[in-house]
Every structure is written in C-alpha cells, then in structure tokens.
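For this chain, numbers begin at 1 and follow the sequence in order.
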Amino acid sequence: MDMKEAAAAYESASQYFLNLARGITADLLDIHAENEWSARQCIHHMADSEAQSYARLRRLVAEPGSGIQGYDEGAWAVCDKLGYKDAPVENSIAIFAAVRAGSLDVIKRLEESDLAKFGEHSESGKFTI
C-alpha cells in the first residue's frame, strides 16, 4: 500500500467511526455486555486514544528517537473525573474528528522514508510511525 492509499484508508476509517458514533441513539449508548465497555465508553476512549496518537505521530515525525509515553487505558475508563460512564459524547466525537483530521494532514505529507522513523514507547519499546 502506498502513502496515498494509506491516507485514503485512514480517512475512510475515520469517517466510518464518525458515522457510527454520530448515528448511535441515546437509548443504546449505555448498553454493554458484562465486563465490556458501552458505546459511550468506547467513544470517549477513541477520543482519548486518538489524541494520544495525534501527539505521538507529530513527535515521531519531528523528533525521531524520542520517548513515547504509554498510558493505562483501563484506568482512564474507570476514572469518574474523565466521565467515560456518563459524560455526553458530543465533545469526544468532535475531538476524534479534529485530531484525526490533523493527523490526516500529516499523513498526506509523509513519504515512504518517513515510515522508518521511530521512538521508544515506555511500555512496548520501539514504536514506529
């Protein structure tokens, strides 16, 4: 897959998620199987995860070899202050859309040679673009 195809796939995946997130009805947001996340929790997680990815991508492009900090996704999900269980999803959907659009702008400017850039992830070691 070349960079144009990769960017198109990224953009398509972004739109797919946004369509799902925007289309879920309020009565379905909090339904979940035992020990699984609800749609609300998944939407909030996606916003946080994409915000982390946005920062990591930019760091790897501008500062190859730098450290990439991991985070405990499960701890974020159960932290009441972050609102995964009850906060409205509109802000998280907007955050997801904005950071994915920002990352897409960068991805469209990448060249094949940029894919070799990497950093050191605090939990999993070598972390590439």
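Rounding to the nearest 0.5 Å gives a distance of 11.0 Å between CG of D30 and NZ of K85. With rounding to the nearest 0.5 angstrom, the CD atom of Q15 is 6.5 Å from the CZ atom of R22. Here M3 contributes atom CE and K108 contributes atom NZ; the two are 12.0 Å apart, rounded to the nearest 0.5 Å. To the nearest 0.5 angstrom, D105 atom CG is 10.5 Å from L57 atom CG. Considering CD1 of I31 and CZ of R40, their distance stands at 11.5 Å, rounded to 0.5 Å.
Checking side-chain atoms of S122 against main-chain N and O of G70 turns up a donor-acceptor pair under 3.5 Å. Side-chain atoms of H32 come within 3.5 Å of backbone N or O of E36 as a donor-acceptor pair. Under a 3.5 Å cut-off, the side chain of S66 and the backbone N or O of E63 do form a donor-acceptor pair. Side chain of R100 to backbone of Y10: a donor-acceptor contact under 3.5 angstrom is found. Looking only at distances, no side-chain donor or acceptor of S49 sits under 3.5 Å from a matching main-chain atom of H45. At least one donor-acceptor pair under 3.5 Å links the side chain of R56 to the backbone N or O of Q69. Side-chain atoms of H44 come within 3.5 Å of backbone N or O of A87 as a donor-acceptor pair.
When the side chains of ILVMFWY residues are joined at heavy-atom separations under 4.5 Å, either directly or via intervening members, I24 and V89 end up in a single hydrophobic cluster. Linking Ile, Leu, Val, Met, Phe, Trp and Tyr whenever their side-chain heavy atoms come within less than 4.5 Å leaves L82 and V78 in two separate clusters. Cluster membership for L115 and I107, using ILVMFWY side-chain heavy atoms within less than 4.5 angstrom, is shared. Neither L20 nor L28 shares a network with the other; the hydrophobic side chains, linked directly or stepwise wherever heavy atoms of I, L, V, M, F, W or Y lie under 4.5 Å apart, form separate groups for each. Grouping the Ile, Leu, Val, Met, Phe, Trp and Tyr side chains by contacts below 4.5 angstrom, directly or via other members, places I93 apart from V99.
By the neighbour-count criterion of 12 heavy atoms within 6.0 Å, atom CG of D72 is densely surrounded, having more than that number from other residues, nucleotides or ligands. For E111, the CD atom counts as loosely surrounded, since its 6.0 Å shell holds 12 or fewer non-hydrogen atoms of other residues, nucleotides or ligands.
By the 4.5 Å heavy-atom criterion applied to side chains, I129 and V61 are counted as neighbours. The shortest side-chain heavy-atom distance between L60 and F127 falls under the 4.5 Å cut-off. When side chains are defined from C-beta on, F17 counts as touching I43, because their heavy atoms get closer than 4.5 Å.
When all heavy atoms are compared, the tightest approach of R58 to G102 is NH1-O, 4.2 Å.
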query = Can W76 and Y71 be said to form a ring pair (Phe, Tyr, Trp, His ring centres under 6.0 Å), step by step?
reply = CA-CA 8 Å; W76 288 40; Y71 71 106; 4.6 Å; yes
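Note: W37 and Y84 have perpendicular aromatic rings, judged against thresholds of 30 and 60 degrees for the angle between ring planes.
Here the options are E120, K126, R59, Q52, the test is side chain to side chain contact (heavy atoms under 4.5 Å, CB included), and the partner is I68; only R59 passes.
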